[in-house]
Amino acid sequence: MITVKKEGILLTKTTLGFENEGVLNPAVIKDGNRVHMFYRAVRIGNYSTIGYCEFEGPVTIKERRITPVLVPHFDYESQGVEDPRIVKIDDVHYMTYTAYDGINALGALATSLDLKHFEKKGLLVPQINFDDFKCLADCSGEVNQKYFRHVRHFKPEEKVYLWDKNVIFFPRRINGKLYFLHRIRPGIQIVGVNQLEDLTESFWEDYFLNLHLYIVMDPIHESHEASYIGGGCPPIETDQGWLLIYHGVHDTANGYVYSACAALLDLYNPQKEIARLPYALFEPELDWELHGVVDNVVFPTGSALFGDTLYIYYGAADKHIACASISLSELIQELMQNRKNDQQ
């Protein structure tokens, strides 16, 4: 088992109008000894924007802005911009987030050169209805049937699309391509393109026809990820592979429980899973993780490495932002003892 230290709550809601319901699920990027945090700020009524906080070192607050840095502008995000993640590729910062219009939740992108001014690039994932998705993805007969269970009821006049969330870029090009993870329940999928302009309607049609080729991970462990999994923090490059801190969800008599989990993906072929912990990295156990806006949630979305200590920033019960720390080398060693071939 990995030794995990819960560092405690770092941020909580304030009386400011844009974050008086809760703060959660932060994007994090390290610059020297500074940590830039872009977090989901929720006002009463479940309306989300992106707030900003800067840390000196991993957990010491230096600055917290009193206005959001990213707010909704378009119809597809009219109810909120949620759950950001951020990486730097070459000289550009890529911030992905979930655009929510009150019905649909879809992955979107904004970019920045200075972490102050962001330019929205629109939706990255397609607007496809459930029936069309099922028609395409079920053609191969090789896709887990759980992908076709999540039907939502809606009024005939409403445009309802397949939810596609947790879009997370790898922090560099791999074999010349931009790669990002995304999540259509119950698993984690991957996209690789030469440029974002390649994400056309025909690209997505071919992608869904061959969806089984792009599923990186599906749930396999009943104890903590039986219901579904999804991307968490941006992948971390190590000598042994891409370290993926993701979230696992399992259903209980008291509802869903969200845990932080860990896996390794191949360094040169990130579609290939190398290893996965057979147990949760950490779970809800403290009062502020067990009780909140949504109970029983630890939801990792950002990390920062200081020496050998990896700090994992997460949303706690959809109400607070907290942090846990682990030894990176210890985690990698444990993962290498749970290689995929060894588990088969």
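Position 1 is the first residue of the sequence, and the numbers go up from there.
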Worksheet entry | Side-chain touch Phe38/Arg85, heavy atoms, less than 4.5 angstrom | no
Worksheet item: Considering all heavy atoms of both residues, which atom of Val143 and which atom of Ala137 are nearest to each other, and what is their separation?
Response: CG2-O, 3.3 Å
Discussion item. Under 4.0 Å between a side-chain nitrogen and a carboxylate oxygen: does that hold for Lys165 and Glu82?
Written reply: no
Worksheet item: Is any side-chain heavy atom of Trp204 less than 4.5 Å from a side-chain heavy atom of Ile128?
Response: no
Worksheet item: Which value, rounded to the nearest 0.5 Å, describes the distance between Ile245 atom CD1 and Ile312 atom CD1?
Response: 4.5 Å
Discussion item. Quick one about Asn46 and Ser48 (side-chain donor to acceptor, distance below 3.5 Å, no hydrogens or angles considered), yes or no?
Written reply: no
Practice prompt. Grab the two heavy atoms, one from Thr238 and one from Leu267, that are nearest each other, plus how far apart they are.
Written response: O-CD1, 3.6 Å
Worksheet entry | Side chains of His320 and Thr12, donor plus acceptor under 3.5 Å | yes
Discussion item. Is it the case that atom NZ in Lys120 sees more than 12 heavy atoms from other parts of the structure closer than 6.0 Å?
Written reply: yes
Fill in: Heavy-atom closest contact (Val35 atom, Ala304 atom, distance)
CG2-CB, 4.1 Å
Practice prompt. Classify the angle between the aromatic ring planes of Phe169 and Tyr94 as parallel (below 30°), tilted (30 to 60°) or perpendicular (above 60°).
Written response: tilted
Worksheet item: What do the steps show when you test Glu119 against Thr111 for side chain to side chain donor-acceptor pair (under 3.5 Å), and what is the final call?
Response: CA-CA 5 Å; Glu119 179 182 357; Thr111 61; 4.7 Å; no
Item to complete: Answer yes or no: is there an ion pair linking Arg34 with Glu56, defined by an N-O contact shorter than 4.0 Å?
Response: no
Item to complete: If the plane angle is over 60° it's perpendicular, under 30° parallel, otherwise tilted; pick one for His182 and Tyr207.
Response: tilted
Worksheet item: Does some side-chain heavy atom of His36 sit less than 4.5 Å from a side-chain heavy atom of Lys30?
Response: no
Fill in: Side-chain heavy atoms of Asn338 within contact of Arg276, under 4.5 Å
no
Fill in: Side chains of Leu109 and Val167 in contact at under 4.5 Å (non-hydrogen atoms)
no
Worksheet item: So how far is it from Ile50 CD1 to Met37 CE, rounded to the nearest 0.5 Å?
Response: 12.0 Å
Item to complete: State, yes or no, whether a side-chain contact exists between Arg183 and Trp163 at a heavy-atom distance under 4.5 Å.
Response: no
Fill in: Nearest non-hydrogen partners of Leu70 and Val81, listed with the distance
O-CG2, 3.7 Å
Fill in: salt_bridge(Glu19, Arg64) N-O dist < 4.0 Å
yes
Discussion item. Quick one, Asp218 with Tyr147, criterion side chain to side chain donor-acceptor pair (under 3.5 Å). Give me CA distance, side-chain angles, the key distance, then yes/no.
Written reply: CA-CA 10 Å; Asp218 271 342; Tyr147 280 88; 2.7 Å; yes
Discussion item. Between Tyr246 and Glu225, is the side chain to side chain donor-acceptor pair (under 3.5 Å) condition met? List the steps.
Written reply: CA-CA 10 Å; Tyr246 66 100; Glu225 59 179 36; 2.8 Å; yes
Worksheet item: Cut-off 3.5 Å, side chains only: do Glu283 and Tyr258 have a donor facing an acceptor?
Response: no
Worksheet item: Should Gln127 and Tyr76 be marked as a side chain to side chain donor-acceptor pair (under 3.5 Å) after you check the CA-CA gap, both sets of side-chain angles, and the distance that decides it?
Response: CA-CA 10 Å; Gln127 294 173 301; Tyr76 62 79; over 6 Å; no
Fill in: OH on Tyr313 to CG on Asn25, rounded to 0.5 Å
15.0 Å
Worksheet entry | Residue pair Leu243 / Leu264, side-chain heavy-atom distance below 4.5 Å | yes
Worksheet item: Roughly how far apart are Leu181 CG and Tyr214 OH, rounded to 0.5 Å?
Response: 14.5 Å
Worksheet item: Under the salt bridge (Lys or Arg N to Asp or Glu O under 4.0 Å) criterion, do Lys13 and Glu21 qualify, and how do the steps go?
Response: CA-CA 6 Å; Lys13 67 180 182 179; Glu21 174 97 358; over 6 Å; no
Worksheet item: Are a donor atom and an acceptor atom from the side chains of His291 and Asp287 found within less than 3.5 Å of each other?
Response: yes
Practice prompt. If the plane angle is over 60° it's perpendicular, under 30° parallel, otherwise tilted; pick one for Phe148 and Phe133.
Written response: tilted
Worksheet item: With the 4.5 Å side-chain cut-off for hydrophobic clustering, are Met1 and Leu335 part of the same group?
Response: yes
Worksheet item: Hey, is the main chain of Asn104 close enough, under 3.5 Å, to the side chain of Asp101 for a donor-acceptor pair?
Response: yes
Worksheet item: Hey, what do you get for CG (Leu213) to OG (Ser140), rounding to the nearest 0.5 Å?
Response: 7.5 Å
Discussion item. Do the side chains of Asp131 and Lys134 get close enough for a salt bridge, i.e. N-O under 4.0 angstrom?
Written reply: no
Item to complete: Give the ring-plane orientation class for Tyr311 versus Phe306, where under 30° counts as parallel, over 60° as perpendicular and anything between as tilted.
Response: perpendicular
Practice prompt. State, yes or no, whether a side-chain contact exists between Thr49 and Thr67 at a heavy-atom distance under 4.5 Å.
Written response: no
Item to complete: For the residue pair His224 and His221, categorise the inter-ring angle as parallel (less than 30°), tilted (30 to 60°) or perpendicular (more than 60°).
Response: parallel
Discussion item. Using 0.5 Å steps for rounding, measure from the CZ atom of Arg40 to the OG1 atom of Thr98.
Written reply: 8.0 Å
Practice prompt. May I ask you to establish whether Arg43 and Phe18 are in a cation-pi arrangement, using a distance under 6.0 Å from NZ or CZ to the six-membered ring centre and at most 45° from the ring axis?
Written response: no
